[in-house]
Amino acid sequence: MDNNHQPHSAAFFGDYRDFWWNRDFLELLVKRWGAEDVRSVLDVGCGVGHWGRIVASVLPSAESIVGVDREEKWIEEATKRTADDSRFRYQRGDAMPLPFEDNSFDLVTCQTVLIHVEKPVEALREMLRVTKPGGIIVAAEPNNRAGTMVWGSTSSNDNTIEDTVKHVRFHQICERGKIALGLGDTSLGDLLPGLFVEAGGKDIQVYLSDKTSAIFPPYNGREQQTLLAHQRSMTENEMFMWGREESERYFLAGGGTAEEFQEMWSVVTASDGSFEKAIASGTYHTGGGAMMYVVSGRKSL
Ligand SMILES: C[S@@+](CC[C@H](N)C(=O)[O-])C[C@H]1O[C@@H](n2cnc3c(N)ncnc32)[C@H](O)[C@@H]1O
């Protein structure tokens, strides 16, 4: 595949990923997909296994869950995390081509992986190839651009219209740069149903996760503490969606200039200390809305 990629940093694998889905919503989807009898599952681009473990936990008949990822260190970590559950097995491999025979799995899935590949339709065709006839593929992929319009209490106080526009503009330039570099479309979710059709999927169903990543005082419980810690580390490490260096690379590849990047970076990372102050005084809050699509389709019999 592409040689242009850089491995995901550990920042992308925080346990906030455990809180992206409501369990009862996924159980409902299993019924809608007709996946109650699924025994074998493939999790493509499994990372350290967050998505595969969540999916397996709502599939009542799952006996074997294989995860595949191109990064050896995520395979090692995923293997460690499921050491006490013999249903899980992880191996290194690429999404294109997948290192499996045709018609191997009842359900083939991925989460936030197609947003990183240059040719998502080809990746979906590969997922269908290794799915058994009549089997199911499921992809959970976001529109991250929408996130630039979701505010926390510290952004809504003083943000000017110009700053908001800058935020959206910055994101879109980076997004275009990432696409131009062959590293995928960060907001691919909007296009996913059409890509499923193009790849040959049947019986397509399209939903949005009904979960937000809301943070509000007094931040009680593991979910609140995990989301808050993630938000804090994004601010402390001066992260937008990506770190400074990676963002600049995408921004320039998307047609932005170095001068504009300099000017916009402090706006988009909100590095004025207001977030830390609001946390310290226990007043920070956000509805934490996200636009995460979950699209499914079947392979023809
Ligand atoms: C954002 S992470 C998502 C991890 C996991 N699916 C989850 O939701 O927790 C994307 C993962 O896809 C993997 N990946 C990206 N492109 C890939 C490819 N072409 N083949 C295999 N793995 C890939 C990365 O190494 C990374 O672990």
Side-chain angles (χ1 to χ4, degrees), residues 1-21 26 29 41-58 65-82 88-100 105 107-127 129-130 137-144 147 175 178-179 181-189 192 195 199 209 211 213 226-227 230 234 239-243 246 250 290-295:
M1 259 208 55
D2 70 272
N3 296 317
N4 208 5
H5 86 275
Q6 296 185 330
H8 279 73
S9 79
F12 285 101
F13 293 125
D15 287 337
Y16 60 90
R17 281 179 177 264
D18 285 337
F19 302 109
W20 277 0
W21 300 94
L26 290 177
L29 290 193
V41 179
L42 174 66
D43 180 16
V44 178
C46 59
V48 301
H50 284 104
W51 176 238
R53 289 196 303 273
I54 290 170
V55 170
S57 77
V58 292
I65 302 97
V66 176
V68 64
D69 199 288
R70 66 181 169 198
E71 304 297 338
E72 184 61 42
K73 68 175 165 173
W74 306 137
I75 293 302
E76 282 169 17
E77 180 59 30
T79 305
K80 259 191 232 156
R81 290 184 186 205
T82 50
F88 289 88
R89 182 170 67 75
Y90 293 95
Q91 73 179 72
R92 215 179 87 85
D94 207 289
M96 285 187 287
L98 286 164
F100 305 102
F105 300 93
L107 186 143
V108 178
T109 187
C110 66
Q111 171 177 269
T112 57
V113 175
L114 298 175
I115 57 169
H116 298 295
V117 307
E118 184 171 18
K119 295 178 179 159
V121 174
E122 282 183 23
L124 285 168
R125 284 201 186 106
E126 260 305 278
M127 288 169 69
R129 178 184 67 75
V130 301
I137 65 168
V138 175
E141 302 285 340
N143 168 345
N144 281 315
E175 205 164 72
K178 190 166 181 274
I179 294 169
L181 291 169
L183 296 174
D185 175 354
T186 310
S187 295
L188 184 81
L192 208 48
L195 301 183
S209 171
K211 184 79 161 59
S213 296
T226 306
L227 295 176
H230 174 62
M234 294 285 282
M239 295 272 286
F240 176 60
M241 269 221 48
W242 313 276
E246 193 174 356
Y250 298 158
M291 207 166 166
M292 176 66 105
Y293 290 91
V294 57
V295 181

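In this chain, numbering begins with 1 at the start of the sequence shown. Order of appearance sets the numbers: ligands from 1, and atoms from 1 within every ligand.
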**Asked** What part of A123, side chain, backbone, both or neither, has a heavy atom within less than 4.0 angstrom of ligand 1?
**Response** neither
**Complete:** Per-atom filter on ligand 1: closer than 4.0 angstrom to a heavy atom of A95 are 18 (C), 19 (N), 20 (N), 21 (C)
**Message:** Could you tell me, atom by atom, which parts of ligand 1 come under 4.0 Å of a heavy atom of W51?
**Reply:** 8 (O)
**Asked** Listed by chain and number, what are the salt bridge (charged side-chain N to carboxylate O under 4.0 Å, His left out) partners of R129, not counting sequence neighbours?
**Response** D102, E126
**Message:** Does the plane of the ring in F88 sit parallel, tilted or perpendicular to the ring in Y90? Use 30° and 60° as the thresholds.
**Reply:** parallel
**Message:** Would H116 count as a polar contact of ligand 1, with the cut-off being nitrogen or oxygen pairs under 3.5 Å?
**Reply:** no
**Fill in**
G47 heavy atoms within 4.0 Å reach ligand 1 at atoms 4 (C), 27 (O)
**Prompt:** With sequence neighbours left out, what residues match N144 under side chain to side chain donor-acceptor pair (under 3.5 Å)?
**Reply:** none
**Prompt:** In terms of atom number and element, which parts of ligand 1 are under 4.0 angstrom from non-hydrogen atoms of T112?
**Reply:** 1 (C), 2 (S), 3 (C), 8 (O), 10 (C)
**Parallel, tilted or perpendicular, as decided by the 30° and 60° cut-offs, for the rings of F100 and F105** = perpendicular
**Request:** Output yes when a side-chain donor or acceptor of T186 lies under 3.5 Å from a complementary backbone atom of E175, and no otherwise.
**Result:** no
**Asked** Is a side-chain donor-acceptor pair under 3.5 Å present for R17 with T112?
**Response** yes
**Item:** Any G93 heavy atom less than 4.0 Å to ligand 1
**Value:** yes
**Message:** Between ligand 1 and E71, is the shortest N or O to N or O distance under 3.5 Å?
**Reply:** no
**Message:** Less than 4.0 angstrom from a charged side-chain N to a carboxylate O is my criterion; do E77 and K73 meet it?
**Reply:** no
**Asked** Heavy atom under 4.0 Å from ligand 1: found in R17's side chain, backbone, both, or neither?
**Response** side chain
**Request:** Indicate yes or no: does an N/O atom of D43 lie under 3.5 Å from an N/O atom of ligand 1?
**Result:** no
**Message:** Can you give me the closest heavy-atom contact between E141 and L114, atom names plus distance?
**Reply:** OE2-N, 2.9 Å
**Asked** Can you find an N or O of G45 that's nearer than 3.5 Å to an N or O of ligand 1?
**Response** yes
